[in-house]
Amino acid sequence: MFLQPGEPSTVPYSTSSVASVTSISVDYSCTNNVATVSWSPVTGARSYRAVASGINGTSLTCSSNGTSCPIIGLGCGQPYTVQIVSIADCETTSNISYTFDTVPCPPQNLKLYRECLSNVIIFSWAPTNDASYYIAKSVDTNGVVNECVTQTTSCFFTQTDCGQTYNFTVHSVFSGAWACSAMETLPISVSTGKSQPVSSPSSAPCLPQNVRTSATSCLSDSLITTWDPAPGALSYFVLAQGSRDSVYNCTSQGTSCVMTNVVCGQSLSVWITASNNECTTNILLADVAETIPCAPQDVSLASTCGSYSLTLSWLTSNNAIFYTAKAVLPDSSISSCSTMDNQCEITGLQCGQTYEAFVMSTNFICNSTDSQHIIVKTAPCAPVNVQAVKDCHWNTATVQWQGQQPGGSYVARLVDNEGAVLNCSTSSNICSVPNLRCGHTYNITVRQMDTNCSSLPSTSVLLDSAPCAPQNVSTVLACDTNSLNVSWSPAVTSLSYTAIGVWNGVTVLSCSSQNNSCNMQGLQCGQQYNVTHMNYP
């Protein structure tokens, strides 16, 4: 009130103050990640505020009218400094503080490496602060758990199986006063496979089982390989190598695949692998596969003329166990023979026919295709209705017959009872054979001939030649009766005889007998007779 207007003045004024807390404590629960802060009471303070400051500049607070309060929302793996603010008409921040560490953060930078051949999985992570040790865990598809405790930042999981998906987690154990464990990491998945970091889950391949390879059909040049599904496999690769160094392969995402253009007559070694696009299994050697047998080659004919059969021969085919040779007529009639050798004879063929002949091989699963076809003509048919007539005067035989096929030629064969042979040849159906031997029986057959073969002999007929002339003819004249007794030696094959008396070239007298003599009556006196004998079979 004594101041002049505009005169400066400084007036001191003291507000009422509140004292700061003298002690601070923190009870940190790593299970709940909550820090319960406690402090000593201050006279005149109506409330308190606890302030927890992190190293990254963040602050978390809690307030209370009492001497404690919980601070929540703490970050992992960092120290916090706690101070208490006393609140009355004004606020007083404590000169003292309390520092504590929170639970370590979950390990970061998780990595998985896997060795496909051994199915070993290496699980690694980045180190965390204040970690005393780490506990890594794997859980497979079936829920089986394996744990690894280590002070390093990696674990080797060796007891892994094919066809499983593994989930891996890790957490660190706190080395502070509360011996807390860090939060567990989110799981990452891996399947047993090749050595490389794994970023996505997949199924680990097992070896395929029950691998079988066979021809897709006996008429194709393809092989099909089948197998049971392999756990964890996404694709399969099949490789086959033949005995002739031929190589075939196929791939599939299913349980079968087909190899094409496979050469016949091979034994193939077959391998299969399974893959999950990250790992490939070891090679599995499957059963040997047999391709369809090849058709026989170089089929040739060894004809047995006259027996109405044919013999085929050929080169042995690879993978063939058994062979069948066939001869087919135009009307589709089939005759055949079978063998394990490289030739066989087809019997019972029709004479004079043209056959188409070929050979097939088999391994008792599949038959080969036909070999090259060859045209074969069987021997001509034997002539029929053979007849023979002898000419006693000229001592010849005339043979005639009926041929069953046109063309060709014929041979008539006459064999007497002593083995002597007479022949005649002709292109017609009749021929004459001269110079028969008297007193013999001839066995007569006829064959038809073509350019390669002769027929079987016809049914034989028998023909007796003319009897031989009697020998040692003698006569005795009975003058008183004017008769003549004629005698002779018996002739071969003769059954009766006739003696003839010839005068002036004319037969005037005769007598007949079945013995070796006869009596000729009625001779004229004073005449000269020539006596001739004839014998009859």
Side-chain angles (χ1 to χ4, degrees), residues 295-315 322-361 370-389 397-417 419-433 441-463:
Q297 300 295 314
D298 293 342
V299 176
S300 60
L301 172 68
S303 178
T304 52
C305 290
S307 63
Y308 304 141
S309 67
L310 61 90
T311 299
L312 295 179
S313 62
W314 54 87
L315 295 181
F322 208 67
Y323 301 90
T324 298
K326 295 183 178 181
V328 183
L329 284 173
D331 65 359
S332 299
S333 300
I334 299 177
S335 299
S336 64
C337 64
S338 298
T339 180
M340 297 180 70
D341 203 352
N342 64 338
Q343 72 172 32
C344 70
E345 182 182 16
I346 305 175
T347 60
L349 302 180
Q350 298 180 28
C351 60
Q353 294 291 330
T354 299
Y355 284 85
E356 194 171 349
F358 59 91
V359 184
M360 299 170 55
S361 62
D370 295 352
S371 68
Q372 70 268 30
H373 289 214
I374 60 175
I375 302 302
V376 180
K377 187 174 182 180
T378 55
C381 295
V384 296
N385 298 330
V386 177
Q387 298 177 358
V389 179
T398 300
V399 184
Q400 62 181 7
W401 56 86
Q402 291 180 350
Q404 297 193 56
Q405 280 91 33
S409 61
Y410 299 89
V411 174
R413 179 182 173 89
L414 290 73
V415 182
D416 68 19
N417 49 307
V421 179
L422 295 173
N423 289 315
C424 70
S425 298
T426 181
S427 59
S428 65
N429 62 344
I430 186 170
C431 69
S432 295
V433 182
T441 300
Y442 284 88
N443 188 307
I444 303 174
T445 57
V446 183
R447 293 175 182 262
Q448 183 174 3
M449 310 292 293
D450 61 19
T451 55
N452 297 315
C453 294
S454 69
S455 71
L456 292 175
S458 67
T459 302
S460 63
V461 296
L462 298 178
L463 178 68

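Note that this is a predicted model, so its numbers are computed, not measured.
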- [ ] Please step through side-chain hydrogen bond (donor to acceptor under 3.5 Å, both in side chains) for the pair Thr324 and Ser336, ending with a clear verdict.
- [x] CA-CA 7 Å; Thr324 298; Ser336 64; over 6 Å; no
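- In this structure, the side chain to side chain contact (heavy atoms under 4.5 Å, CB included) partners of Asp331, at least two apart in sequence or on a different chain, are Leu329, Ser333.
- Two residues are said to be in side-chain contact when any heavy atoms from C-beta on lie closer than 4.5 Å; Val386 and Thr459 fail this criterion.
- Between Ser409 and Ser425, every side-chain heavy-atom pair lies at or beyond the 4.5 Å cut-off.
- Across Asn443 and Ser460, no two heavy atoms sit closer than the pair OD1-CB, 3.1 Å.
- A search for side chain to side chain donor-acceptor pair (under 3.5 Å) contacts involving Ser432 returns Thr398, not counting sequence neighbours.
- To the nearest 0.5 Å, atoms CG (Leu312) and CD (Glu345) are separated by 10.0 Å.
- Side chain of Ser309 to backbone of Thr347: no donor-acceptor contact under 3.5 angstrom is found.
- Under 3.5 Å, the side chains of Gln353 and Thr378 contain no donor-acceptor pair of N or O atoms.
- Residues satisfying the side chain to side chain contact (heavy atoms under 4.5 Å, CB included) test with Ala295, not counting sequence neighbours, are Gln297, Ser368, Thr369.
- Using a 4.5 Å cut-off on side-chain heavy atoms (C-beta onward), Cys344 and Trp314 make contact.
- Across Pro296 and Ser361, no two heavy atoms sit closer than the pair CD-N, 4.0 Å.
- Formation of a donor-acceptor pair under 3.5 Å by the Tyr308 side chain with backbone atoms of Pro380 is found in this model.
- Within the 4.5 Å cutoff, side-chain heavy atoms of Val421 are placed close to those of Arg413.
- With rounding to the nearest 0.5 angstrom, the CE atom of Met340 is 11.5 Å from the OG atom of Ser338.
- In this structure, Cys381 and Ser455 have side chains that are not in contact, with every pair of non-hydrogen atoms separated by 4.5 Å or more.
- When side chains are defined from C-beta on, Leu414 does not count as touching Asn423, because their heavy atoms never get closer than 4.5 Å.
- Going from atom OG of Ser335 over to atom CD1 of Ile346 covers 7.0 Å, rounded to the nearest 0.5 Å.
- With 3.5 Å as the limit, one finds no donor-acceptor pair spanning the side chains of Ser458 and Thr445.
- Between Tyr410 atom OH and Asn429 atom CG the span is 7.0 Å, to the nearest 0.5 Å.
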Open item on the list: Applying side-chain contact (heavy atoms from CB on, under 4.5 Å) to Thr339 and Phe322, what does each step give before you reach the verdict?
Closed with: CA-CA 6 Å; Thr339 180; Phe322 208 67; 5.9 Å; no
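- Put simply, the side chain of Asn342 never gets that close to the backbone of Leu315: no donor and acceptor are under 3.5 Å apart.
- Side-chain atoms of Val411 and Met449, non-hydrogen and from C-beta on, do get closer than 4.5 Å to each other.
- One finds the CG atom of Leu422 at 5.0 Å from the OH atom of Tyr442 (value rounded to the nearest 0.5 Å).
- For the pair Gln343 and Tyr323, the minimum side-chain heavy-atom distance is 4.5 Å or more.
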Task: Full working for side-chain contact (heavy atoms from CB on, under 4.5 Å) between Ile374 and Val299 - done: CA-CA 8 Å; Ile374 60 175; Val299 176; 4.2 Å; yes
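- Rounding to the nearest 0.5 Å places CD of Gln402 at 4.0 Å from CG of Asn385.
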TODO: Tell me, with the steps shown, if Ile444 and Leu462 meet side-chain contact (heavy atoms from CB on, under 4.5 Å).
DONE: CA-CA 6 Å; Ile444 303 174; Leu462 298 178; over 6 Å; no
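- Of all heavy-atom pairs spanning Ala412 and Trp401, the tightest one is CB-CZ3, 4.4 Å.
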